[in-house]
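Just below is one structure, and these are the notes that go with it.
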Amino acid sequence: MTGAGPLAEAIAAAASPAVAPIEGPAAVAAAHAEAVDREGRFPAEAIAALRQAGRLGMLVPKALGGPGGTLADAVRDCFAVARGCGSAGMVLAMHHSQMACLVAHAGDAAWPREYLARAVRDGLLLASVTSEEGVGGNLRRSLCAPEPAAADDADQRAHLVKRATNISYGAHASALLLSARRAPDAAEADQVLWLLGPDDYTLERTGGWETMGMRGTRSEAFVVRARAGAEQALSTGFGSIATETMTPVTHILWAGLWIGIAADALDRARNAVKGKLRKSGGSAVGAPGTPRLAAAAEKLLAAEALLASALRRYGEPGSAQSREMRPAEVNMLKTSVSEATLDAVGQCLIAAGLAGYRVDGAHALSRHLRDLWSAPLMVPNDAIRAASATLMLGPRPQLGRFL
Amino acid sequence: MTGIETAVRDALASRARLSSDAKAIGAEDDLFDRGLTSLMTVDVMLALEERFDLEFPEEALTRNSFRSVASLRDLLVSLGANA
Ligand SMILES: Cc1cc2nc3c(=O)[nH]c(=O)nc-3n(C[C@H](O)[C@H](O)[C@H](O)COP(=O)(O)OP(=O)(O)OC[C@H]3O[C@@H](n4cnc5c(N)ncnc54)[C@H](O)[C@@H]3O)c2cc1C
């Protein structure tokens with residue numbers, strides 16, 4: 001199996017559409033960001049605005065009724081929404097990364113194709129269920145496996161039960177992509193991805209989400225109980241989907257949203273420094289705080305350059321090019337941008353001083369810092385760096401590629 | 001089965017943790033779907049390089065090279081491996 005179906009080819013062939021700017025939904029996200037963070041609630045207004053504007057179906061090809069947007073289009077949306085509200089940006093990024101897996105690996109299968117068409121029509125939100133009690137953050141391990149229905153059961157679909165440690169916006173999603181072992185006797189890394197529609201599963205909430213940041217993602221713990229027919233398991237094994245699509249696309253979209261959060265922090269810090277200087281009548285030459293602003297900008301420009309180069313290396317989900325992107329480079333995008341953006345916002349805080357340290361007012365940076373602290377933790381950077389180290393003896397990093 | 005293919009299966013059995021027995025896996029079966037990870041490919045490569053005293057050229061270090069027993073066997077043949 002090579003992974004590329006007609007769908008993926010259609011995407012690769014589609015010229016980048018003239019996608020309209022996303023100002024409306026981004027402004028809605030910004031307007032509710034404080035309340036979402038304070039109350040730890042789902043960013044319902046922002047997601048409704050995105051749905052209304054047809055942005056949730058961005059990556060679905062034209063052949064299935066979507067706008068046929070590119071991965072770069074999705075990254076720009078995540079950046080713009082996260083600039084207003086980090087949680088809303090993360091919800092959008094997680095949704096797009098799951099949709100990309102379906103678009104790239106649905107092939108000719110009727111069930112996922114029908115789902116994609118319906119998702120565009122109805123603005124359905126798709127959540128990710130990879131985490132599981134007992135496996136930590138390792139995507140490539142699952143414990144749960146489908147159990148066949150009893151012979152006398154009128155419903156002959158398989159049973160799936162997964163104890164998920166985190167499902168972002170699980171309670172607000174219309175469908176799930178859930179990883180499981182192929183069969184009860186399969187190895188932990190021999191995994192299949194199941195697409196579960198609205199009527200296929202129930203969720204029992206087993207843990208809350210009282211966290212420092214990314215509070216609006218509502219990444220609670222749930223037991224998922226599902227009944228699913230064999231056609232709902234994607235035919236490409238999860239090993240290929242994870243390496244070729246889920247991990248690279250997730251890291252690319254996350255990088256976009258993290259840079260969006262930091263971009264807003266830099267705006268706030270600039271305003272704080274400038275406002276103080278105007279009041280004091282001082283000169284911009286050697287003004288206090290400005291070296292920190294420059295240090296933050298330097299980090300963010302480097303992070304953005306890394307993201308742009310990753311987008312060029314990867315291409316579009318499902319394309320032949322995407323399957324050959326070096327896993328080490330995908331890893332390094334994640335570890336590098338997660339820390340660069342967090343560092344940059346730290347510099348912004350020092351530049352802004354107490355105006356940034358306050359938790360209220362136009363220059364507050366608390367939410368940005370708390371949201372960004374999730375970046376090195378969600379899939380722990382130490383674990384990713386350990387993998388990158390091993391991969392150094394595989395294919396060498398492609399330096400000089402864009403020179 | 002050629003000696004080269006046997007060596008490929010030996011390397012997979014000793015260096016990769018697959019869900020099925022590497023000796024019994026179909027020559028064309030997708031190894032990534034059987035639990036092969038990018039990390040494991042590095043050790044499989046090291047074992048095969050040592051076994052045949054050759055080096056995988058940079059352009060051969062792609063996912064497609066490691067996708068199946070057959071693709072690894074063909075690669076080794078093209079590199080002039082002697083069983
Ligand atoms: C905002 C947010 C949203 C999320 N949304 C979802 C979602 O929608 N769906 C979902 O399935 N999951 C989700 N997750 C969970 C995520 O997928 C991981 O399961 C989670 O980040 C793992 O965190 P952990 O600390 O439990 O990691 P663990 O893997 O348990 O790691 C714990 C510690 O061990 C260290 N460690 C682990 N492995 C290694 C190694 N190999 N080498 C060195 N050190 C190592 C880590 O550095 C860390 O210090 C989300 C997480 C966050 C923060």
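Fair warning: this is a prediction, and the values are worked out from it, not measured in the lab. Lettering follows sequence order; numbering is per chain, from 1.
Between the side chains of A:Arg140 and A:Gln191, at least one donor-acceptor pair of N or O atoms lies under 3.5 Å. For the residue pair A:Ser179 and A:Lys162, a side-chain donor N or O sits within less than 3.5 Å of a side-chain acceptor on the partner. With hydrogens and angles left out, the side-chain atoms of A:Asn381 and A:Ser338 include a donor and acceptor closer than 3.5 Å.
At a heavy-atom cut-off of under 4.5 Å, chain B is reached by A:Leu393, A:Gly394, A:Pro395, A:Arg396 from residues 393-403 of chain A, listed in order of number.
The candidate from A:Ala242, A:Ala328, A:Ala387 with the greatest count of non-hydrogen atom pairs under 4.5 Å with chain B is A:Ala387.
At a 4.5 Å heavy-atom cutoff, the contact between A:Arg326 and chain B is made by side-chain atoms alone. When heavy atoms are compared at a cutoff of 4.5 Å, B:Leu31 does not approach chain A at all.
A salt bridge links B:Arg67 with A:Glu244; the closest basic N to acidic carboxylate O contact falls under 4.0 Å.
Side-chain contact check for A:Val135 versus A:Ser142: every heavy-atom pair is 4.5 Å or farther apart.
By the side chain to side chain donor-acceptor pair (under 3.5 Å) test, A:Ser336 is found to be paired with no residue, residues two or more places apart in sequence or in another chain being considered.
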- Do B:Asp33 and A:Ser240 pass the side chain to side chain donor-acceptor pair (under 3.5 Å) test, and can you show the C-alpha distance, the side-chain angles, and the key distance before you say yes or no? CA-CA 6 Å; B:Asp33 290 352; A:Ser240 295; 3.3 Å; yes

